[in-house]
Amino acid sequence: VGDTWLLTALWKELGFAEGFRRVLRARRTFDAERLLRVMVFNRLCDPESKLGVLRWLEGIRMPDVDEEAVTHQHLLRTLDTLNDCTEQLESVLANLLRPLIDQELSIVFYDLTTIRVEGSSEQTGELRRFGLSKEGGIGRQIMLGVVQTADGLPIHHEVFAGNTGETTTLLPTLEKVLARYPVRRVVLVADRGLLSLDNLEALTALRVGDRPLEFILAVPGRRYDEFDSLLAPFQSNCQGAEESVGEVAWQGHRLIVAHRPDMAAEQGAARDARIAELEADAARWAGTLDSQDAGVRRRGRKLSDAGTTARFYKAVCEARLAHILRVDLGAETFSYHVDERALERARRMDGKLLLVTNMPDHTPAEIVARYKALADIERGFRVLKSEIEIAPMYHRLPERIRAHALICFLALVLHRVLRMRLKARDTHLSPERALEIARRIQFHQVTLHRTHAASGLTTLSPEQRSLFADIDLPEPSMKSL
C-alpha cells in the first residue's frame with residue numbers, strides 16, 4: 001500500500017485528481033479519473049497489460065479506489081474516453097504544470113523516439129507503420145515526441161505514425177507548446193536528426209510574443225563536410241589536451257564548435273582499427289582470387305570478383321566507411337582504394353560537436369552546456385521503455401494507442417516530479433528506489449474467532465519516514481485507507 005499511497009498523495013497535490021475529474025466525470029457513469037489513476041500508477045509500480053492490471057489490483061490497496069469494482073471493460077472504456085477528450089486533458093495538464101516552469105526563460109528540449117508495436121492488421125488512420133527504429137533495424141512502430149524543460153519536467157508529447165520524418169514533427173509540436181505555455185522566452189534545443197535548412201528558415205520566422213524564437217540545433221554528422229573549409233581556422237586550436245570551444249558565422253547564425261581531444265583520439269583509433277580490419281579481409285580475398293587465377297586449387301566454393309566486390313562493399317557500408325573506402329563497383333575485377341582526402345577530413349572532424357544557434361547573449365561554452373543537457377531527455381525515454389514499459393504496444397486502434405501513450409506520459413511526469421523532489425533534498429535515492437522503500441509499507445487485516453476483525457499498517461521505519469519528509473508528502477494513515 002505504501003507506493004500507491006505515495007503516488008496518490010503526489011497525484012492529488014499536483015491537482016491531477018480534481019483537474020482530470022472535471023473533464024472526465026461528464027463522459028462516463030463510472031469514475032474514469034480513478035481508473036486513469038489506476039492505470040498510471042500501474043505503469044510505475046508493476047507495468048502490466050490492461051487485463052494484467054486486474055491481477056495487480058488483487059495484491060495491492062489503493063486509496064479512494066474500490067479494487068473489486070474495477071473491470072477490464074471499464075479500463076478499455078476509460079481508454080476510449082481519454083482519446084475523446086485528449087485536448088481538454090492536455091490543457092488541464094498544462095495549467096497544472098505551469099507553476100513548475102520558469103516563466104522568464106524556459107529551455108525546451110525536444111526529441112523523438114520509436115516505440116515498437118505488435119500486430120499485422122490495418123486500421124483506419126493507422127499509426128503502426130514500418131520505419132527505421134532508434135534501436136536499429138526496421139520494424140513496425142510508432143513515433144513518440146516529448147518536450148521537456150531544462151529541469152527535466154516533461155510538459156508535452158505527440159504521437160506520430162512510425163514512418164514520419166523527424167524534421168516534419170518539430171514545428172507543429174512547438175506551436176502547440178507555445179499555445180499552452182505562455183512563456184516570454186523560449187530556447188529550443190534539439191538533436192541532430194531535426195536539423196534541415198527548411199527547419200532553420202521556418203524557425204527563424206517563428207516568434208514568441210514580440211521576440212523571435214531562439215534555438216540550439218546540432219549539425220548532423222552527414223553534413224560536416226559542408227563546414228570543412230569554414231572550420232580550418234579553428235583547427236589550430238585543437239592541438240592541445242584541453243577541450244576547446246569557439247564560434248564562426250554561418251548563414252546569419254552562430255556556428256558553435258566544441259572539440260574534445262580524448263573523444264577525437266577514441267573515434268580516430270576505432271575508425272583506423274576498423275579500416276585495418278576491412279583491408280585485411282580485402283587482402284585475404286584478393287590473394288585467394290589471385291591464387292585461383294594461377295590455377296591453385298582450394299577446398300570449398302570458388303570466389304568470384306563480383307561476389308567479393310559485393311561482400312566487401314556490404315561490409316564497408318555496415319561500418320559506415322563507404323566515403324573513405326571507395327569500392328569500384330563497375331570494375332570487372334575486385335578493386336578499391338582509400339580516399340585519403342576523405343580520411344583526413346574525417347580525422348579533422350573527430351571529437352567535434354557543431355551547433356547552430358541564434359542566441360545572442362550566451363557564450364559558446366554556455367551554448368554547449370545547454371545542448372549537453374539534452375541527454376536528460378534520452379534518460380526519460382529510457383525510463384519510458386524500461387521502468388514504465390511503454391513498449392511493445394499490443395493495441396490495434398489508433399485511438400487506444402494514443403490513450404496508452406498519454407497514460408505512460410503521465411507516469412513519466414510523476415516519475416520526474418518525484419525525481420525533482422528527491423534531487424532538491426540532495427538524497428541519493430532514485431524514484432524507483434523511493435517507490436521500492438514505500439512498497440514495504442503493508443496493510444494487514446485479520447479476523448479473530450470468525451467475529452472480530454482487526455486491521456492496521458506496518459510501523460514505518462526511519463528510512464520510510466525520512467522518505468516522506470524528503471518529498472514533502474504525508475505519511476500513510478489508516479483513516480485515509
Can you confirm whether more than 12 heavy atoms, excluding those of [X], are under 6.0 Å from its [atom1] atom?
X      : atom1 : answer
Glu332 : CD    : no
Asp426 : CG    : no
Gln123 : CD    : yes

Please walk me through it: do Thr169 and Tyr110 pass side chain to side chain donor-acceptor pair (under 3.5 Å)?
CA-CA 10 Å; Thr169 69; Tyr110 176 64; 2.8 Å; yes
Is the Tyr336 ring parallel, tilted or perpendicular to the Phe312 ring (thresholds 30°, 60°)?
tilted
Does the separation of the ring centres of Phe41 and Trp56 fall below 6.0 angstrom?
no
Under 6.0 Å between the ring centres of His253 and Phe215?
yes
CG-CG distance between Leu303 and Asp293, expressed to the nearest 0.5 angstrom:
10.5 Å
Leu429 CG to Ile437 CD1 distance, which is reported to the nearest 0.5 Å
4.5 Å
salt_bridge([X], [Y]) N-O dist < 4.0 Å:
X      : Y      : value
Glu340 : Arg345 : no
Glu48  : Lys50  : no
Arg341 : Asp339 : no
Glu463 : Arg433 : yes
Arg274 : Glu277 : yes
Asp350 : Arg271 : yes
Arg419 : Glu387 : no
Glu366 : Lys372 : no
Asp470 : Lys423 : no

Pair Thr113, Lys385 - check side chain to side chain donor-acceptor pair (under 3.5 Å), show working.
CA-CA 10 Å; Thr113 191; Lys385 294 181 179 181; 2.8 Å; yes
Do [X] and [Y] get their side chains close enough for a donor-acceptor pair, meaning under 3.5 Å?
X      : Y      : result
Ser466 : Gln464 : no
Tyr371 : Thr357 : no
Arg128 : Ser121 : yes

Is any side-chain heavy atom of [X] closer than 4.5 Å to a side-chain heavy atom of [Y]?
X      : Y      : answer
Ile401 : Arg396 : no
Leu255 : Val219 : yes
Leu127 : Arg402 : yes

Taking only residues two or more places apart in sequence, or in another chain, which ones meet Lys176 in a side-chain contact (heavy atoms from CB on, under 4.5 Å)?
His156, Glu158, Arg180
With Phe409 as partner, the option from Leu384, Ile390, Leu144, Leu93 fulfilling side chain to side chain contact (heavy atoms under 4.5 Å, CB included) is Leu93
Please identify each residue that fulfils ring-ring contact (aromatic ring centres under 6.0 Å, His included) with Tyr313, with sequence neighbours left out.
none
